[in-house]
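Each remark here refers to the structure printed beneath this line.
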Amino acid sequence: MPSIRRRVRRLSRRDKIVLTLMVAVPTLIELAFVWLPTLFSIGLSFTRWNGLDVNDIHAAGTDNYAFVVKDYPPFWPAVQHNVLWLVFLALIATPLGLLLAVLLDQKIRGSRIYQSIFFAPVMLSLALVGVIWQLFYQRDNGLLNFLLGTAGTPSAVDWFGDSSVNIWAALVAATWRHSGYVMLLYLAGLKGVDPALKEAAALDGANAAQTFFRVIFPAMRPINIVIVVITIIESLRAFDIVYVINRGTNGLELISALVIQNLVGEGQVIGVGSALATILLVISLVPITFYLSRTFGKEAKES
Amino acid sequence: MTTLTTPRLARTAAEPAGSRPKRHYATHLVLIVLAVMWLLPLGWSLYTALRPIESTNAHGYFSIAGPYNFDNFVTAWNQGGFSKYFWNSALITVPTVILTLFFASLMAFAVSRVSWKFNIALLILFTAGNLLPPQVLAAPLFQMFKHLELPYWFSDSGSLLNTYISVIVVDTAFQIGFCTFVLSNYMKALSHDLTEAALVDGAGIWTQYWSIIMPLCRPAFAALGTLEVIFIYNDFFWPLLFIQNGDRLPVTTAINNLQGVFLSNYNLLAAGATITVIPTLIIYLVLQRQFVAGLTLGSSKG
């Protein structure tokens, strides 16, 4: 765009100072409180430190990583739980949100009321979702065991307490919130699909399923990518619910919770916590890089 | 799903637009079942909160007997110290949202309205920052704040730990990325003629930003502001990490402690949870359009 280039040349000295400040202040905040700590995390993961005296930081090579992978019992369960979290959100929660959006995209009576109901959990914090579902899942007084007819009997399941079922219970609670969010994004996406596409497909004799999967769904490609990225990143960030339930122990280990367990509490093991954080960072960079290259790749080539 | 999508597509094909909608019985059936399931946890919390503990003790939680009143809300409010926690939430949320929107608007203006070399590199830096899991930067931030010595008149912990400032600063830094991304997309879409005309009249960068672009961004600010208020109010992690003094926690993080306080009385816990929902519910009901717009603003580009 030539007009912009012309304008840059016309910047006065005062404009340049203003512009520098406009860029410098937010960038310094971003660097100091997001990117510098990220680099420090990587650095600290190769050290041994109890978090007390800064002069007490000792180099440890890759010891922390070796410890995490070989000798730290909750690590592999946490990795499994993170994978399970991702698979569950991807195969259950996200398609459920898409189904809701497709159903609500029809001109049906009460669509707004349904939308508000499905969307309500998205307004709540995940910490609060944990508390509310606690009331639902309790062993003796919870609604679920009552509905199953097991409340007060020995066969009652302690949904959040029993380490073999609590991850599933937590996932259902997480789905409750995630699906509403996915629904909203798809509703926005479906509105953007050109109705002519549907008509053309119908004229060509495509049935409803064919029209949806071959025409409408591919036409929502930008939204699909956003949802894939959100689903992956949300499953890596999952923390609040499991921390509210039992601080991410006893069947609810997640990498994010292990990071925090190593940083706070009695024995602060900064090196191990940072090694876990770095592992989480490396995994997260995959979807982040994918998303950024999709979003900014074209522009970078243009400019 | 196949059968359920049929009515809509059949209508599109067979009827001209604007005709009376068909009755989608199957769709309504599925939606009603799902809606009931969706409302169960919330409805159950509210129902439990409205019943006195004596009544549930006498008749069980799964009865409809006994009186219904707001006593649990009053007791939870007083015992749980909600007025204090809500005040803490306000002290953190208000400055964070104002600072975030201000800094993000500066940055978004610079990268979207002025063309120079590092535009996209900076946008990537900001957008990527917002996508990181917060736990990745937890240790260094905690240690940075702990080892930064401050005079005691400023902070009774002698450091940034246990202050609202620590939460405000980190929440702001984290959210600037998202808001910059959204605002820059919004500003890019505004016509360049607007600022060109002002330039001819001799308007500097600041005038262009403050008097021309900012007023045009009002809808984006309304949407982002609403969204950010709910984000920051709902933030659980940073206060959990930085604030050790329970009296200074915002309500979303304090609910974690209240779970312990109200352990034997689920009616109080339910009332506490319901109270915590109220501010977000009010914002949602009053600013629903802005809130929903905010959530989809960030994803409109991909």
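Here is the naming used below: chain letters follow the sequence lines, and residue numbers restart at 1 for every chain. Remember, it's a predicted structure, so these values are computed and weren't measured experimentally.
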- Query: Passes ring pair (Phe, Tyr, Trp, His ring centres under 6.0 Å), A/Tyr243 versus B/Phe237? Steps please.
  - Reply: CA-CA 10 Å; A/Tyr243 200 84; B/Phe237 181 65; 8.3 Å; no
- Message: Is B/Ile283 in contact with chain A via its backbone, its side chain, both, or neither, using a 4.5 Å heavy-atom distance?
- Response: neither
- Task: Please examine the side chains of B/Phe142 and A/Leu263, heavy atoms only from C-beta on, and report whether any two atoms are closer than 4.5 Å.
- Result: no
- The reported gap from CG in B/Leu131 to CD1 in A/Ile233 (rounded to nearest 0.5 angstrom) is 4.5 Å
- Task: Let me know if A/Ala32 has heavy atoms under 4.5 Å from chain B in its side chain, its backbone, both or neither.
- Result: backbone
- Task: Output the option from B/Thr274, B/Thr280, B/Leu40, B/Leu125 having the highest count of non-hydrogen pairs under 4.5 Å with chain A.
- Result: B/Leu125
- Message: Does any part of the side chain of B/Ile205, heavy atoms only, come nearer than 4.5 Å to the side chain of A/Met22, both counted from C-beta?
- Response: yes
- Task: Against chain A, label B/Phe102 side chain, backbone, both or neither, depending on which of its atoms sit under 4.5 Å from a heavy atom there.
- Result: neither
- Query: Just how far is it from atom CG of A/Asp53 to atom NE2 of B/His147, taken to the nearest 0.5 Å?
  - Reply: 7.0 Å
- Min side-chain heavy-atom separation B/Trp38-A/Ser179 under 4.5 Å: yes
- Looking only at A/Leu124, A/Val18, A/Thr38, the option with the highest number of non-hydrogen pairs under 4.5 Å against chain B is A/Leu124
- Query: If you measure from CZ on A/Phe136 to CG on B/Leu42, what distance do you get to the nearest 0.5 Å?
  - Reply: 11.0 Å
- Query: So which of A/Leu135, A/Leu281, A/Val259 has the largest heavy-atom pair count under 4.5 angstrom toward chain B?
  - Reply: A/Leu135
- Task: Using the six-membered ring wherever Trp is involved, compare the ring planes of B/Phe181 and A/Phe296 and label them parallel, tilted or perpendicular (cut-offs 30° and 60°).
- Result: perpendicular
- Message: Between A/Leu96, A/Ile132, A/Leu143, who has the most heavy-atom pairs with chain B when the cutoff is under 4.5 Å?
- Response: A/Leu143
- If only atom types and distance count, is the side chain of B/Lys146 paired as donor or acceptor with the main-chain N or O of A/Gly51 below 3.5 Å? yes
- Item | Which portion of A/Pro287 sits near chain B, non-hydrogen atoms under 4.5 angstrom | neither
- Query: Of the backbone (N, CA, C, O) and the side chain (C-beta and beyond), which part of B/Tyr209 lies under 4.5 Å from a heavy atom of chain A, both, or neither?
  - Reply: side chain
- Pairwise side chain to side chain donor-acceptor pair (under 3.5 Å) hits with a residue in residues 123-140 of chain B, at least two apart: none
- Region of A/Ser284 in contact with chain B, defined by heavy-atom distances below 4.5 Å: side chain
- Task: Identify the two heavy atoms, one from B/Ala173 and one from A/Glu30, that lie closest to each other, and give their separation to 0.1 Å.
- Result: O-OE1, 3.1 Å
- Query: With distance as the sole test, does A/Ser41 use its side chain to make a donor-acceptor pair with the main-chain N or O of B/Val136 at under 3.5 Å?
  - Reply: yes
- Message: Could you measure the distance from the CG atom of B/Leu240 to the CG atom of A/Asp240? Nearest 0.5 Å is fine.
- Response: 8.5 Å
- Which bit of B/Ser45 is near chain A, if near means a heavy-atom gap under 4.5 Å: side chain, backbone, both or neither? both
- Given that the side chain runs from C-beta out, which part of A/Tyr114 has a heavy atom under 4.5 Å from chain B: side chain, backbone, both or neither? side chain
- Message: Pair B/Asn256, A/Val131 - check side chain to side chain contact (heavy atoms under 4.5 Å, CB included), show working.
- Response: CA-CA 8 Å; B/Asn256 191 28; A/Val131 175; over 6 Å; no
- Message: Does any backbone or side-chain atom of B/Leu241 lie under 4.5 Å from a heavy atom of chain A? Answer side chain, backbone, both or neither.
- Response: side chain
- What part of A/Leu28 is in contact with chain B, defined as an atom under 4.5 angstrom from a non-hydrogen atom: side chain, backbone, both or neither? neither
- Query: Side chains of B/Val111 and A/Val23: does their closest heavy-atom pair fall under 4.5 Å?
  - Reply: no
- Query: Which one of A/Ile279, A/Leu203, A/Ile29 has the most heavy-atom pairs closer than 4.5 Å to chain B?
  - Reply: A/Ile29
- Query: Non-hydrogen atoms of chain B under 4.5 Å away: do they reach the side chain of A/Tyr181, the backbone, both or neither?
  - Reply: side chain
- Would you mind reporting whether B/Leu137 and A/Phe40 have side-chain heavy atoms less than 4.5 Å apart? no
- Crowding at CG, B/Leu285 (>12 non-hydrogen neighbours, <6.0 Å): yes
- Using non-hydrogen atoms only, which part of A/Val244 is less than 4.5 Å away from chain B: side chain, backbone, both, or neither? both
- Task: May I ask you to name which of A/Ala188, A/Ser116, A/Pro26 has the most heavy-atom pairs under 4.5 Å with chain B?
- Result: A/Pro26
- Measuring heavy-atom distances to chain A, does B/Ile230 have an atom under 4.5 Å in its side chain, in its backbone, in both, or in neither? side chain
- Query: If you tally heavy-atom pairs under 4.5 Å against chain A, which of B/Ala138, B/Gly272, B/Ala110, B/Ala128 wins?
  - Reply: B/Ala128
- Message: Keeping B/His28 on the side-chain end and A/Gly110 on the backbone end, is there a donor-acceptor pair under 3.5 Å?
- Response: no
- Closest non-hydrogen atom pair between A/Met123 and B/Leu281, with its separation: CE-CD1, 3.8 Å
- Item | B/Phe126 vs A/Trp35 side-chain heavy atoms within contact, under 4.5 Å | no
- Query: Nearest 0.5 Å, what's the CE-CZ distance between B/Met144 and A/Phe33?
  - Reply: 5.5 Å
- Query: If you measure from CH2 on B/Trp206 to CZ on A/Arg14, what distance do you get to the nearest 0.5 Å?
  - Reply: 10.0 Å
- Message: Which one wins on heavy-atom pair count under 4.5 Å against chain B: A/Gly142, A/Gly189, A/Gly273?
- Response: A/Gly142
- Heavy-atom check, side chain of A/Phe239 versus side chain of B/Phe236, under 4.5 Å: yes
- Message: If I measure from the heavy atoms of chain A, does B/Leu34 come under 4.5 Å with its side chain, its backbone, both, or neither?
- Response: both
- Query: Between A/Gln134 and chain B, which part of the residue has a heavy atom less than 4.5 Å away: side chain, backbone, both or neither?
  - Reply: side chain
- For B/Phe145, is it the side chain, the backbone, both or neither that has a heavy atom under 4.5 Å from a heavy atom of chain A? side chain
- Message: Counting C-beta onward and ignoring hydrogens, is there a side-chain heavy-atom pair between A/Ile108 and B/Leu31 closer than 4.5 Å?
- Response: yes
- Message: A/Trp49 vs B/Gln143, test: side chain to side chain contact (heavy atoms under 4.5 Å, CB included). Steps then yes/no.
- Response: CA-CA 11 Å; A/Trp49 187 31; B/Gln143 299 299 338; 3.5 Å; yes
- Query: Does any heavy atom of chain B fall under 4.5 Å from the side chain of A/Thr278, the backbone, both, or neither of them?
  - Reply: neither
